[in-house]
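Read through the structure below, which is laid out as structure tokens, and then see the notes.
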There are 2 protein chains.
Amino acid sequence: MHPADAEPIAHYADMFAAMGTESRLRIMQLLLSAHPEGLVVGEIQAQLGLSASNLSHHLDKLKNEELVAVQREGTFLRCRANTAALQRLLAFLYAECCQRSCAVSPKSILKPAS
Amino acid sequence: MHPADAEPIAHYADMFAAMGTESRLRIMQLLLSAHPEGLVVGEIQAQLGLSASNLSHHLDKLKNEELVAVQREGTFLRCRANTAALQRLLAFLYAECCQRSCAVSPKSILKPAS
DNA sequence: TCTATGTTTCCATAGTAATAGAAATACAGA
DNA sequence: TCTGTATTTCTATTACTATGGAAACATAGA
């Protein structure tokens, strides 16, 4: 779907959209906390209390944007945050805010917001 | 709508959602490039080729999430990127990826992605 | 006050997203 | 092969989002 995107800005927008829901942002947060082991689908479901099918759709979206990678482990499916994609997204945002313009000072992002 | 949000994760999700569209991400990019002067609505419209009403709706969403601030200048409305909000968002993402977990190395976001 | 210009609001529509119950599929173990 | 558990896919529903034309509103200037 996004094979070496010729128009990357749309791809970044899709990544933001993928994290633009409380459920999915919590999934990412959970997977980052559990990184690099990750969590199996059932563990995520237990933590967040989503229905199985709803969670499956959310994971689908995150997989499509390559924010989450999934690997089978017997009858379980283990999910991990894709750190390379997150790094690209963070680098994009950093570049836009701190490099292209000097709108945000690099040091300020190290602090837990004022 | 977001008065000192008691449950901040939902607020961050809303901010990501606000940037989760190519049109709106381009608007932010444009405003960051023009920072701190910003641009008036008509200039944004000319650059992006959106219909006036569509642009107005997008700006509304960005204003709601406090990513854009608007100020009247005669018959024009000048829009600026809200750097404080962007800083908070970037800090949140940085904290999740580089501090809470060590999923992404801080240095790697300085580079234009591999 | 009238006019011109910039911008929003109203209205409508097509498309997409979030949600969930039930059925189907995948795998492990007996 | 049968059974149980994990997860997805199917089907459906409700809600939201992106979009734009037309009308309304705001401001400046004549």
Side-chain angles (χ1 to χ4, degrees), chain A residues 1-2 7 9-31 34 37-65 67-80, chain B residues 1-2 7 9-31 34 37-65 67-80:
Chain A
M1 287 302 173
H2 302 292
E7 191 53 57
I9 182 107
H11 179 60
Y12 289 118
D14 289 341
M15 290 177 87
F16 282 127
M19 301 211 295
T21 258
E22 182 171 354
S23 295
R24 286 195 297 263
L25 191 51
R26 281 196 196 280
I27 292 170
M28 291 307 299
Q29 215 174 26
L30 218 48
L31 292 179
E37 296 78 21
L39 295 168
V40 300
V41 176
E43 289 171 328
I44 301 174
Q45 196 191 345
Q47 295 263 349
L48 298 186
L50 304 171
S51 79
S53 68
N54 186 217
L55 174 56
S56 187
H57 289 135
H58 283 314
L59 287 173
D60 232 28
K61 189 145 207 164
L62 292 169
K63 278 186 274 180
N64 279 337
E65 300 311 324
L67 286 165
V68 165
V70 176
Q71 177 185 358
R72 197 166 261 291
E73 259 181 26
T75 106
F76 300 87
L77 287 176
R78 181 162 294 271
C79 303
R80 291 187 175 84
Chain B
M1 285 300 175
H2 301 293
E7 191 52 61
I9 183 107
H11 179 61
Y12 289 118
D14 289 341
M15 291 177 88
F16 282 128
M19 301 212 294
T21 258
E22 182 171 354
S23 295
R24 286 196 296 264
L25 191 52
R26 280 195 196 281
I27 292 171
M28 290 308 298
Q29 216 174 24
L30 220 46
L31 292 179
E37 296 78 20
L39 295 169
V40 300
V41 176
E43 288 172 328
I44 300 173
Q45 195 191 345
Q47 295 262 349
L48 298 186
L50 304 172
S51 79
S53 68
N54 186 217
L55 174 56
S56 187
H57 290 135
H58 282 314
L59 287 173
D60 231 29
K61 189 146 206 161
L62 292 169
K63 278 185 275 181
N64 279 337
E65 300 312 324
L67 286 165
V68 165
V70 176
Q71 175 185 0
R72 198 168 259 290
E73 259 181 25
T75 106
F76 301 87
L77 287 175
R78 181 163 295 271
C79 303
R80 291 186 175 84

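Not measured: the values here are computed from a predicted model. So that the names make sense, note that chain A is the first sequence line, chain B the second, and so on, each numbered from 1.
The side chain of A/Asn54 lies closest to C/dA20, out of C/dA20, D/dT8, C/dC11. Side-chain proximity of A/His58 to C/dT8, C/dA18, D/dT8: nearest is C/dA18. For A/Val41, whose side chain is taken as the heavy atoms from C-beta onward, the closest listed nucleotide among D/dT17, D/dT7, C/dT19 is D/dT7. The side chain of A/Arg72 lies closest to C/dC27, out of C/dC27, C/dT8, D/dT7. Considering only the side chain of B/Phe76, C/dG6 comes nearest among C/dG6, D/dA18, C/dA18.
Going from atom CD of A/Gln71 over to atom P of D/dT8 covers 14 Å, rounded to whole Å. The CD-P distance, from B/Glu22 to C/dT16, rounds to 15 Å in whole Å. Between A/Asp60 atom CG and C/dA18 atom P there is a gap of 12 Å when expressed in whole angstrom units. Atom CD1 in B/Ile27 sits about 13 Å away from atom P in C/dT7, given to the nearest Å. The separation between A/Leu50 atom CG and C/dA17 atom C1' is 15 Å, rounded to whole Å. The distance between atom NZ of A/Lys61 and atom C1' of C/dA18, rounded to the nearest whole Å, is 9 Å. The separation between A/Leu55 atom CG and D/dT7 atom C1' is 9 Å, rounded to whole Å. A straight line from CG of A/Leu59 to P of C/dA20 spans 14 Å, rounded to a whole angstrom.
If you find the closest nucleotide of DNA chain D to B/Thr75 and to B/Gly49, the one lying nearer the 5' end belongs to B/Gly49. Comparing A/His57 and A/Leu77 against DNA chain D, the residue whose closest nucleotide sits nearer the 5' end is A/Leu77.
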(message) Could you go through B/Cys79 and B/Leu39, starting from their C-alpha distance and side-chain angles, then the distance that decides it, and tell me whether this counts as side chain to side chain contact (heavy atoms under 4.5 Å, CB included)?
(response) CA-CA 5 Å; B/Cys79 303; B/Leu39 295 169; 5.7 Å; no
(request) Apply side chain to side chain contact (heavy atoms under 4.5 Å, CB included) to B/His58 and B/Asn54, showing your working. (result) CA-CA 6 Å; B/His58 282 314; B/Asn54 186 217; 3.5 Å; yes
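OP1 or OP2 of D/dT17 has not a single side-chain nitrogen or oxygen of B/Arg24 nearer than 4.0 Å. Between A/Ser51 and C/dG21, a side-chain N or O to OP1/OP2 separation shorter than 4.0 Å is absent. For C/dC11, the OP1/OP2 oxygens have no side-chain nitrogen or oxygen of B/Ser53 closer than 4.0 Å.
Remark: side-chain polar atoms of B/Gln47 are not paired, donor with acceptor, to backbone N or O of B/Ile44 under 3.5 angstrom. Remark: the backbone N or O of B/Ala13 is not paired with any side-chain donor or acceptor of A/Arg24 at under 3.5 angstrom.
In summary, A/Arg26 and A/Glu22 engage in a salt bridge, as defined by a charged side-chain N under 4.0 Å from a carboxylate O.
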